[in-house]
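Naming: A, B, ... by sequence-line order, numbering from 1 per chain.
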Protein chains: 2
Amino acid sequence: MTDTANTGVRARLDDHRLPDPVPAGEYEGCPVTGVLRRVGDKWALLLVTLLGQRPYRFNELHRAVDGISQRMLTRTLRTLESDGLVDREVLPTSPPSVEYRLTPLGVSLLEPLAVLAGWALDHHAEIVAARRRPV
Amino acid sequence: MTDTANTGVRARLDDHRLPDPVPAGEYEGCPVTGVLRRVGDKWALLLVTLLGQRPYRFNELHRAVDGISQRMLTRTLRTLESDGLVDREVLPTSPPSVEYRLTPLGVSLLEPLAVLAGWALDHHAEIVAARRRPV
DNA sequence: CAGCATCCCGAGTGATACTG
DNA sequence: CAGTATCACTCGGGATGCTG
């Protein structure tokens, strides 16, 4: 592998769009797996939860999450947008600001997510305990 | 990067334990994220779903999933066992056979999972449609 | 049968610097 | 402010071969 070899290169020179539009995989076979992979994303769920409360601007999200890099914030938002979960709106202000909000589809995800989050909060102590006792 | 440079070397020579006991990360900060990462595992959820129906033996699982490697099957089962979701029982037969079954904790996960799976089945068509329309 | 040991590749992710 | 371009590094995950 040479250093110049770009991973997952787009090779669209004249149409310089996003460098890497969507991070993760296809919805091959089972659609449930595809959704779960999305949900299992390190940041995706956190962003969805945040946006479930109110719209956020880019740097507002960047500050709110605190630990995420600009790159991953952009990529995750782009993925969520591409999946139709998040809507991106560019406001015509003098310093351009962008607002992100959940789509109806994104809102509909909040409820199943809450169920799983409830389970996690309810049982994570048991999981941690299980991990601490080797066999 | 030279070819001899090993990625993520273990460097524990005298204590040759498992090469990589648990694949994924810690439960830092939010326990929900940790659980979601587990759930987002490529195979973990599939195995939990399978084991939710009845106990399976190792190669039985290997055949049932079909596409998983021995290594990932072992690793995923070990992780699930380590998290207290799956129980591993070695049967004292002449060719040693091992049975895997869900623990009560694992069974309790089936319901939240079903909710999420239901959402996925219900909306994955919208997601696919959203991905096909660029902006 | 049920694993464990290695090698290897690509995806995911962070850090940093630059731009409209 | 809201990104984009690179570089570098780790880790998930597949292939293959060996063992008790």
Side-chain angles (χ1 to χ4, degrees), chain A residues 1-13 15-26 37-38 40-44 46 56-63 65-79 81 88-100, chain B residues 1-13 15-26 37-38 40-44 46 56-63 65-79 81 88-100:
Chain A
M1 59 291 294
T2 63
D3 293 324
T4 54
N6 195 336
T7 60
V9 74
R10 275 281 137 186
R12 293 187 293 168
L13 299 176
D15 178 29
H16 52 83
R17 289 275 298 167
L18 299 170
D20 29 21
V22 212
E26 296 297 312
R37 296 284 289 190
R38 281 286 182 277
D41 256 33
K42 190 170 182 179
W43 307 109
L46 218 164
Y56 275 82
R57 294 203 335 278
F58 185 84
N59 276 345
E60 212 173 1
L61 283 173
H62 196 188
R63 249 179 297 280
V65 175
D66 189 66
I68 193 173
S69 61
Q70 282 181 340
R71 182 188 167 191
M72 288 319 296
L73 180 54
T74 304
R75 286 184 54 149
T76 306
L77 286 171
R78 285 289 196 275
T79 301
E81 187 193 1
R88 175 175 179 269
E89 183 183 8
V90 181
L91 302 176
T93 55
S94 49
S97 46
V98 180
E99 265 201 0
Y100 293 92
Chain B
M1 54 254 342
T2 62
D3 293 322
T4 53
N6 195 337
T7 60
V9 73
R10 276 280 139 187
R12 292 188 296 166
L13 299 176
D15 178 29
H16 52 81
R17 293 272 299 164
L18 296 173
D20 26 25
V22 213
E26 295 297 312
R37 296 284 289 192
R38 281 285 181 277
D41 257 33
K42 190 171 183 179
W43 307 108
L46 218 164
Y56 275 82
R57 293 204 334 280
F58 185 85
N59 277 345
E60 212 174 0
L61 283 172
H62 197 190
R63 249 180 299 279
V65 175
D66 190 64
I68 193 174
S69 61
Q70 283 183 339
R71 182 190 165 186
M72 288 320 296
L73 180 54
T74 304
R75 284 183 52 151
T76 306
L77 286 172
R78 285 288 196 274
T79 302
E81 188 194 0
R88 176 176 179 269
E89 183 183 7
V90 181
L91 303 176
T93 55
S94 49
S97 45
V98 179
E99 266 201 0
Y100 293 93

Asks: Nearest of dG13(D), dA2(D), dG3(C) to any side-chain atom of Asn59(A)?
Replies: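 That would be dA2(D).
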Asks: Among the candidates dT13(C), dG3(C), dC1(C), find the nucleotide nearest to the side-chain atoms of Tyr100(B).
Replies: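 Selected nucleotide: dG3(C).
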Asks: Find the distance Phe58(A):CZ to dA2(D):C1' and express it as a whole number of Å.
Replies: 6 Å
Asks: Find out whether Arg38(A) and Thr79(A) are in side-chain contact, i.e. whether some heavy atom of one side chain is under 4.5 Å from a heavy atom of the other.
Replies: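 Of all side-chain heavy-atom pairs linking Thr79(A) with Arg38(A), at least one is under 4.5 Å.
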Asks: Do you know the tightest heavy-atom contact between Glu99(A) and Leu91(A)?
Replies: CG-CD1, 4.0 Å
Asks: Rounded to whole angstroms, how far apart are OH on Tyr56(A) and C1' on dG3(D)?
Replies: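 Going from OH in Tyr56(A) over to C1' in dG3(D) covers 20 Å.
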Asks: Which nucleotide, dA2(C), dT13(C), dA2(D), lies nearest any side-chain atom of Arg88(A)?
Replies: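 For the Arg88(A) side chain, the nearest candidate turns out to be dA2(D).
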Asks: Check whether any side-chain nitrogen or oxygen of Arg78(A) sits under 4.0 Å from OP1 or OP2 of dT4(D), and answer yes or no.
Replies: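 Yes, because at least one side-chain N or O of Arg78(A) sits under 4.0 Å from OP1 or OP2 of dT4(D).
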Asks: Do Trp43(A) and Asp41(A) make a side-chain contact, defined as non-hydrogen atoms from C-beta onward lying under 4.5 Å apart?
Replies: no
Asks: Would you kindly give the CG-to-P distance between Leu77(A) and dC1(D), to the nearest whole Å?
Replies: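 It is 16 Å, rounded to the nearest whole Å.
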Asks: Can you measure Leu91(A) atom CG to dG3(D) atom C1' for me and round it to whole angstrom units?
Replies: 15 Å
Asks: Rounded to the nearest Å, what distance is computed from the CZ atom of residue Arg38(B) to the P atom of nucleotide dC11(D)?
Replies: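 Taking CZ of Arg38(B) and P of dC11(D), I get 14 Å after rounding.
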Asks: Starting at the 5' end of DNA chain C, which residue's closest nucleotide do you reach first, Pro96(A) or Lys42(A)?
Replies: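 Nearer the 5' end of the strand: Lys42(A).
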Asks: Are the side chains of Leu73(B) and Val65(B) in contact, using a 4.5 Å heavy-atom criterion?
Replies: no
Asks: Picking from dC1(D), dG14(C), dT4(D), which would you name as closest to the side chain of Met72(A)?
Replies: dG14(C)
Asks: How long is the line joining CG of Leu73(A) and P of dG12(C), in whole Å?
Replies: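 Taking atom P of dG12(C) as the reference, CG of Leu73(A) is at 17 Å.
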Asks: Among the nucleotides dG3(C), dC1(C), dT6(D), which one has an atom lying closest to any side-chain atom of Arg71(A)?
Replies: dT6(D)
Asks: Would you please confirm or rule out a distance under 4.0 Å between OP1 or OP2 of dG12(C) and any side-chain N or O of Arg37(A)?
Replies: no
Asks: Do Arg75(B) and Arg78(B) have side-chain heavy atoms sitting under 4.5 Å apart?
Replies: no
Asks: Taking the side chain of Gln70(B) as heavy atoms from C-beta outward, which of dG20(D), dC4(C), dG3(D) is closest to it?
Replies: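 Minimum distance to the Gln70(B) side chain belongs to dC4(C).
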Asks: Whole Å only: how far is the CZ atom of Arg75(B) from the P atom of dC4(C)?
Replies: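 Interatomic distance, CZ of Arg75(B) to P of dC4(C): 12 Å.
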Asks: Separation of Asp41(B) atom CG from dA11(C) atom P, in whole Å?
Replies: 18 Å
